[in-house]
Amino acid sequence: MTSTRIVALGHHQPERVLTNDDLAAMVDTSDAWIRQRTGIATRRIARDDESVADMATAAAGKALAAAGLAPADIDLVVVATSSAIDRSPSTAARVAARLGAAAPASYDLNNACAGFTTALAAADHSLRAGAARHALVIGAEKMSDLTDWTDRSTCVLLGDGAGAAVLSAVADGSTGPGGLQGVGPVVWGSDPTRADAVRLTGAWQPRFAQDGQAVFRWATSTLAPIAEEACRRAGVAVADLGGIVTHQANLRIIESVVRQLGATEAVVAKDVVDSGNTSAASVPLAFSKLVERGDLTPGAPVLLLGFGGGLSWAGQVVSCP
Ligand code: ACO
């Protein structure tokens with residue numbers, strides 16, 4: 001039986017920083033309102049000619065270099081995105097071609113803000129089944145393409161970026177200092193009766209829309225038990241978590257979930273403050289930034305939890321690369 005382990009992470013953000021004051025010059029809002037309701041201070045916005053595939057490739061290239069692997073070693077590429085404009089070729093195929101991966105399986109996966117953690121589970125299952133040895137799992141979004149820049153209730157929330165993980169198959173028992181067997185079992189599901197609470201709808205120019213209060217109530221009332229179940233299935237006590245990286249939608253949601261969990265020792269990702277809501281990119285982006293800054297201990301158990309459109313969720317405990 002094989003286990004899997006995240007061996008390296010990488011991320012990419014566009015250069016342009018859009019501040020709350022910039023937005024206040026565009027719509028009827030203020031820095032104070034945005035900070036108080038969401039925690040967001042800035043977000044990154046891609047250039048017109050900077051695509052989801054560009055950002056995904058940049059993040060994946062960094063993860064690959066950090067893993068010490070060659071493109072030819074990668075035999076599976078999965079990109080979680082809901083904002084890639086082209087239906088085909090997939091963003092994953094474009095990333096594989098640009099990196100020079102030899103002949104990997106490649107596909108895109110759309111599960112909105114739960115996309116990365118869903119893709120990580122799918123890749124984990126593929127590697128455990130022996131269908132691949134080294135996978136690139138990427139979350140990449142250009143939400144600015146799907147934003148109504150005249151709607152103050154949504155345009156202040158979103159940002160662009162990408163994060164990537166290299167996932168490798170390892171023999172059981174060789175997963176390093178944390179004790180955890182690499183990537184823990186996924187806890188995933190959805191509430192399809194509430195699917196329309198977050199929408200990216202429209203034939204040629206889809207626009208992001210949501211029932212913000214309903215999603216807020218749902219997130220703050222359902223996610224903590226899901227996180228606890230992910231810890232239980234991984235055999236990790238909540239108190240022993242070294243890090244918590246949830247989807248970065250709203251600082252108040254993050255703080256509420258962490259408070260309910262009682263995880264006082266864990267380093268908590270709060271990248272929403274700098275990056276806004278980057279949908280499927282937010283978990284790997286925030287995770288990669290924490291690792292790059294040296295805020296997490298290699299081998300420490302880290303809870304990942306994606307949630308959002310669907311309404312869907314997927315979470316697992318992983319050992320920190
Ligand atoms: N600036 C100033 N006022 C604003 C703004 C703004 N940017 N946006 C809305 N308002 C006003 C509203 O018009 C309303 O005014 P009114 O009382 O006169 O009608 C008032 O502020 C309150 O609006 P609410 O929508 O009730 O504000 P709320 O406190 O709920 O905050 C928010 C909105 C931030 C969207 C919050 O509901 C939220 O974070 N929800 C969760 C979103 C989420 O987690 N989504 C995850 C999935 S996203 C994905 O999958 C891509």
Side-chain angles (χ1 to χ4, degrees), residues 18-43 52 80-84 109-119 139-162 188 190-192 194-202 206-224 226 246-258 269-273 275-283 285-286 305-315:
L18 188 69
T19 66
N20 293 343
D21 287 337
D22 293 334
L23 283 160
M26 296 158 59
V27 292
D28 182 15
T29 190
S30 66
D31 177 56
W33 191 96
I34 300 169
R35 280 183 197 260
Q36 198 253 326
R37 301 290 178 121
T38 71
I40 299 169
T42 61
R43 67 289 290 147
V52 173
T81 185
S82 56
S83 56
L109 178 154
N110 177 356
N111 197 19
C113 301
F116 176 80
T117 44
T118 302
E141 301 280 17
K142 190 175 179 185
M143 298 306 288
S144 60
D145 271 349
L146 310 177
T147 301
D148 179 348
W149 290 102
T150 66
D151 176 7
R152 68 176 182 173
S153 68
T154 53
C155 74
V156 301
L157 305 174
L158 304 168
D160 302 332
W188 58 6
S190 65
D191 183 351
R194 296 200 236 179
D196 280 333
V198 182
R199 302 175 296 285
L200 271 173
T201 50
R207 285 285 180 250
F208 176 83
Q210 68 173 347
D211 183 347
Q213 285 197 0
V215 178
F216 189 94
R217 278 196 301 273
W218 170 79
T220 51
S221 63
T222 62
L223 293 176
I226 291 166
T246 69
H247 170 48
Q248 305 285 298
N250 185 316
L251 192 57
R252 290 189 297 148
I253 293 177
I254 296 168
E255 289 174 341
S256 168
V257 172
V258 171
K270 296 181 178 175
D271 188 48
V272 66
V273 175
S275 305
N277 180 345
T278 58
S279 193
S282 84
V283 168
L285 178 58
L305 180 59
F307 61 89
L311 292 171
S312 60
W313 61 87

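Every number for a ligand or one of its atoms is a count from 1 in the order of the listing. Side chains are part of it too, since the values below use all heavy atoms of this structure and drop only hydrogens, waters and symmetry mates. Just so it is clear, the structure is predicted and the values come from calculations on it, not from any experiment.
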| field | Any donor-acceptor pair under 3.5 Å from Asp31 side chain to Trp33 backbone | value | no
| task | Considering only non-hydrogen protein atoms, determine which one is nearest to atom 41 (C) of ligand 1 and report residue, atom name and distance to 0.1 Å. | result | Gly212 O, 3.5 Å
| Is there at least one protein heavy-atom neighbour under 4.0 Å from atom 5 (C) of ligand 1? | yes
| What part of Phe216 sits under 4.0 Å from ligand 1 if we count only heavy atoms: the side chain, the backbone, both or neither? | both
| query | Do protein heavy atoms approach atom 19 (O) of ligand 1 to less than 4.0 Å? | reply | no
| task | Within a distance under 4.0 Å of any heavy atom of Val156, pick out the atoms of ligand 1 and give their elements. | result | 7 (N)
| request: Look at atom 26 (O) of ligand 1 and say which protein heavy atom is nearest, naming residue and atom and giving the distance to 0.1 Å. | output: Gln213 NE2, 2.5 Å
| So which heavy atom on Ile40 is nearest to which on Ala249, and how close? | CD1-O, 4.5 Å
| Does atom 1 (N) of ligand 1 have any protein heavy atom closer than 4.0 Å? | yes
| field | For Ile253, atoms of ligand 1 separated by under 4.0 Å from a heavy atom | value | 41 (C), 44 (O)
| task | Mark up the atoms of ligand 1 that fall under 4.0 Å of a heavy atom belonging to Val198, in ascending order. | result | 47 (C), 49 (C), 50 (O)
| Asn277 and ligand 1 - part of the residue with a heavy-atom distance under 4.0 Å | side chain
| task | Number the atoms of ligand 1 from 1 as they appear, then name those within less than 4.0 Å of a heavy atom of Thr29, with their elements. | result | 1 (N), 2 (C), 6 (C), 7 (N)
| request: Answer with side chain, backbone, both or neither: which part of Thr38 has a heavy atom less than 4.0 angstrom from an atom of ligand 1? | output: side chain
| Any idea which heavy atoms bring Leu305 and Thr117 closest together, and the distance? | N-CG2, 4.2 Å
| query | What protein heavy atom is closest to atom 47 (C) of ligand 1, reported as residue, atom name and distance in Å? | reply | Gly308 CA, 3.8 Å
| said: Which heavy atom of Leu158 sits nearest to which heavy atom of Met143, and what is that distance? | reply: CB-CB, 3.9 Å
| request: Output the list of atoms in ligand 1 that are nearer than 4.0 Å to some heavy atom of Ala249, sorted by atom number. | output: 43 (C), 44 (O), 46 (C)
| query | Are any side-chain N or O atoms of Arg43 and backbone N or O atoms of Asn277, one a donor and one an acceptor, separated by less than 3.5 Å? | reply | no
| Looking at Glu141 and Ser82, what are the two nearest heavy atoms and their distance? | OE1-N, 3.1 Å
| request: Would you give the length of the straight line joining atom CZ of Arg152 to atom OG1 of Thr154, rounded to the nearest 0.5 angstrom? | output: 11.5 Å
| request: Say whether Ser144 and Asp160, considering side chains only, have a donor N or O and an acceptor N or O under 3.5 Å apart. | output: yes
| message | Is any side-chain heavy atom of Val156 closer than 4.5 Å to one of Asn20? | response | no
| query | Identify the closest protein heavy atom to atom 49 (C) of ligand 1: which residue and atom is it, and at what distance? | reply | Cys113 SG, 2.5 Å
| query | How close does the nearest protein non-hydrogen atom get to atom 33 (C) of ligand 1, and which residue and atom is it? | reply | Trp33 CH2, 4.2 Å
| note | If you scan protein heavy atoms around atom 22 (C) of ligand 1, the nearest is Arg37 NH1, 3.6 Å
| note | For Val272 and Leu251, the nearest pair of non-hydrogen atoms, with its separation, is CG1-N, 3.9 Å
| Between the side chain of Ser83 and the main-chain N/O of Lys142, is any donor-acceptor distance below 3.5 Å? | yes
| message | Regarding atom 35 (C) of ligand 1: of the candidates Met143, Gln210, Gln248, which has the closest heavy atom? | response | Gln210
| said: Show the atoms of ligand 1 that are less than 4.0 angstrom away from any heavy atom in Gly309. | reply: 50 (O)
| For atom 12 (C) of ligand 1, what's the nearest protein heavy atom and its distance? | Arg152 NH2, 3.8 Å
| note | Note: Ala219 and Phe307 closest approach over all heavy atoms is CB-CE1, 4.1 Å
| note | closest protein heavy atom to atom 39 (O) of ligand 1 is Asn250 ND2, 2.6 Å
| field | Per-atom contacts, ligand 1 versus Arg252 - under 4.0 Å to a heavy atom | value | 29 (O)
| request: Kindly compute the distance separating OG1 (Thr29) from CG (Asp21), expressed to the nearest 0.5 Å. | output: 10.0 Å
